[in-house]
Trainee: 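Below: one structure in structure tokens.
Position 1 is the first residue of the sequence, and the numbers go up from there. As the structure lists them, so they are numbered: ligands from 1, and atoms in each ligand from 1.
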Amino acid sequence: MSCTIIVGGFFGDEGGKGKIVAHVAHKDKPSIISRGGGVGPNAGHTVKVGGEKEYGVRMIPSGFVFPDARLFIGTGVLVDPRVLKQEIEYVGVDGRIFIDGRCSIIEEKHIEQDRANEYLSKTIGSTGTGCGPANVDRVQRVATQAKDVPELAPYVIDAAQEVNDALDRNETVLLEGTQGGFGISLYWGTYPYVTSKDTSASQIAADNGVGPTRIDDVIVVFKAYPTRVGEGPFGTEMTKEESHSLGIEEFGTVTHRERRIGCWDGKMARYSAMINGCTIGAITGIDNVDEACYGGATEYSQLTEKALAFIRQAEEDIGVPVKLISTGPEMTQIIDIR
Ligand code: IMP
Ligand code: MG
């Protein structure tokens, strides 16, 4: 009986924000999980299910692992029909995935434009998935909408109406931030090294047609050691030698580029929590802070003093309690004191 937003607090790839979504979905049992607040298939989410299978999804909400929810793609999110179709088959969600008819479509020409554009591909480090050019077409008012693509007809709905109707019936709805994180927001991020849209919690609500008064909680996911892919400023970035010596090495879900790795940035965390209206903090990768925390802990009392000190600092920075702590890649490796 609530509407919760989950959003990334730093530069994206919040150490399995997808996994936090999957966990929250299993615990809160939403009737709808809907994606918003991001651009489109430039964002990748990794979800590990049942010990062996790891899924990387770019269009489908990462909450798909919770089988009882309908899955939506909100109005403001770009849809690449080819990626969508592939993922529907790969993940097996036909029959419960729907997209808003007003979503703009990414066409082959957008991908070509993205990749051929030196400024976007080299200077900004775009993912080359056609998102920026597709958003340009939307602004120019020449974009194709999902409702005008016959092959998408089986999936097209009024997602905003469905979400608001569910809330009227007192059901639980999860709004999942499509995009990496706060730092790549078109407005709040490190402009111009950003993506082509706002990525904040307000945008996630807006993309789903949910007014601000209907949001109950905003979970902002922070990575203990933030990462960034692509170009742009990264205040607390470490050298590769430093991060490798800490045993941290990561690659992007979409582009497979090696991620840049940094230390906790309290100042950015505070600002991000403010703009996102954070009510609940989530920390991922606590096992990078202290290896001894890997996997097993299900309660605060099982964390080490080093990890607890880290969490206390994070709480001071973001100004609200940290109630979710991820201790490993598995969906079950989490502390949840909500
Ligand atoms: P674009 O959105 O593909 O044009 O990429 C613009 C910038 O945002 C590049 O630096 C990308 O690496 C970054 N970016 C886009 N989407 C994501 C994401 O989901 N996670 C992390 N970085 C992203
Ligand atoms: Mg990602």
Side-chain angles (χ1 to χ4, degrees), residues 6-21 35-47 55-62 73 76-80 83 87 104 106-107 109-139 176-200 203-204 207 220-223 225-235 237 250-262 268 272 284-285:
I6 301 185
V7 61
F10 285 135
F11 292 101
D13 319 298
E14 267 22 291
K17 185 174 84 228
K19 168 243 167 107
I20 299 274
V21 173
R35 239 170 154 174
V39 189
N42 50 356
H45 297 271
T46 313
V47 193
Y55 292 92
V57 290
R58 295 162 54 194
M59 290 269 28
I60 289 173
S62 15
I73 295 173
V77 179
L78 296 165
V79 171
D80 183 330
V83 178
E87 286 187 6
S104 290
I106 297 181
E107 298 168 44
K109 66 175 181 195
H110 297 129
I111 296 172
E112 283 161 21
Q113 284 164 11
D114 209 358
R115 294 184 181 167
N117 184 319
E118 284 245 336
Y119 177 68
L120 290 177
S121 64
K122 298 248 160 59
T123 310
I124 304 299
S126 162
T127 58
T129 48
C131 291
N135 273 335
V136 169
D137 275 3
R138 183 72 184 218
V139 174
E176 169 184 332
T178 303
Q179 210 66 27
F182 178 76
I184 58 165
S185 164
L186 180 60
Y187 297 109
W188 307 110
T190 53
Y191 186 86
Y193 302 97
V194 292
T195 191
S196 53
K197 199 174 153 197
D198 182 24
T199 56
S200 71
Q203 184 68 59
I204 298 173
D207 276 353
V220 184
V221 184
F222 295 98
K223 204 169 186 173
Y225 286 93
T227 58
R228 170 160 210 175
V229 286
E231 305 306 313
F234 186 0
E237 185 169 13
E250 296 181 22
F251 297 88
T253 311
V254 175
T255 57
H256 310 293
R257 290 178 289 188
E258 185 165 359
R259 291 176 180 153
R260 300 155 64 190
I261 294 166
M268 181 175 179
S272 168
T284 60

Trainee: May I ask you to check whether Gly132 has an N/O atom sitting below 3.5 Å from an N/O atom of ligand 1?
Mentor: no
Trainee: Using side chain to side chain contact (heavy atoms under 4.5 Å, CB included) as the criterion, list what pairs up with Arg115, not counting sequence neighbours.
Mentor: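 Arg115 satisfies side chain to side chain contact (heavy atoms under 4.5 Å, CB included) with Ile111 only.
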Trainee: One residue to check: Tyr193. Relative to ligand 1, which of side chain, backbone, both or neither has a non-hydrogen atom less than 4.0 Å away?
Mentor: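 Looking at Tyr193 and ligand 1, no heavy atom falls under 4.0 Å.
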Trainee: Ile124 heavy atoms, cut-off 4.0 Å: which ligand 1 atoms fall inside?
Mentor: 6 (C), 9 (C), 10 (O)
Trainee: Hey, is Leu120 one of the residues with a heavy atom under 4.0 angstrom from ligand 1?
Mentor: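 So Leu120 does not count as touching ligand 1.
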Trainee: Flag yes if more than 12 heavy atoms outside Tyr187 fall under 6.0 Å of its OH atom; otherwise flag no.
Mentor: no
Trainee: Please work out whether any backbone atom (N, CA, C, O) or any side-chain heavy atom from C-beta onward of Cys131 is under 4.0 Å from ligand 1, and answer side chain, backbone, both or neither.
Mentor: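 Neither; nothing of Cys131 gets under 4.0 Å from ligand 1.
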Trainee: Does anything in residues 179-191 form a salt bridge (Lys or Arg N to Asp or Glu O under 4.0 Å)? List the pairs, not counting sequence neighbours.
Mentor: none
Trainee: Atoms of ligand 1 less than 4.0 Å from Gly125 heavy atoms?
Mentor: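 Ligand 1 atoms under the 4.0 Å threshold to Gly125: 9 (C), 10 (O), 11 (C), 12 (O).
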Trainee: Can you tell me how far CZ of Arg259 sits from CZ of Phe11, rounded to the nearest 0.5 angstrom?
Mentor: 13.5 Å
Trainee: Is there a donor-acceptor pair under 3.5 Å between the side chain of Ser126 and the backbone N or O of Ser121?
Mentor: no
Trainee: Which bit of Arg259 is near ligand 1, meaning a heavy atom under 4.0 Å away: side chain, backbone, both or neither?
Mentor: neither
Trainee: Taking the non-hydrogen atoms of Val194, is any one of them nearer than 4.0 angstrom to ligand 1?
Mentor: yes
Trainee: If you count the atoms of ligand 1 from 1 in the order shown, which ones are under 4.0 Å from a heavy atom of Val229?
Mentor: 10 (O), 12 (O), 21 (C), 22 (N)
Trainee: Hey, does Gln113 have a side-chain heavy atom less than 4.5 Å from the side chain of Val136?
Mentor: no
Trainee: With a 4.5 Å heavy-atom cut-off, do Ser104 and Asn135 have their side chains touching?
Mentor: no
Trainee: Could you list which atoms of ligand 1 come closer than 4.0 Å to a heavy atom of Gly230?
Mentor: 10 (O), 12 (O)
Trainee: What do the steps show when you test Thr190 against Arg228 for side chain to side chain donor-acceptor pair (under 3.5 Å), and what is the final call?
Mentor: CA-CA 12 Å; Thr190 53; Arg228 170 160 210 175; 3.0 Å; yes
Trainee: Considering Thr195, Asp114, Thr127, which one's heavy-atom position lies nearest to atom 8 (O) of ligand 1?
Mentor: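 Checking each option, the heavy atom nearest atom 8 (O) of ligand 1 is found in Thr195.
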Trainee: Does even one non-hydrogen atom of Arg257 get within less than 4.0 Å of ligand 1?
Mentor: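 Checking ligand 1 against Arg257, which is what was asked, there is a heavy-atom contact under 4.0 Å.
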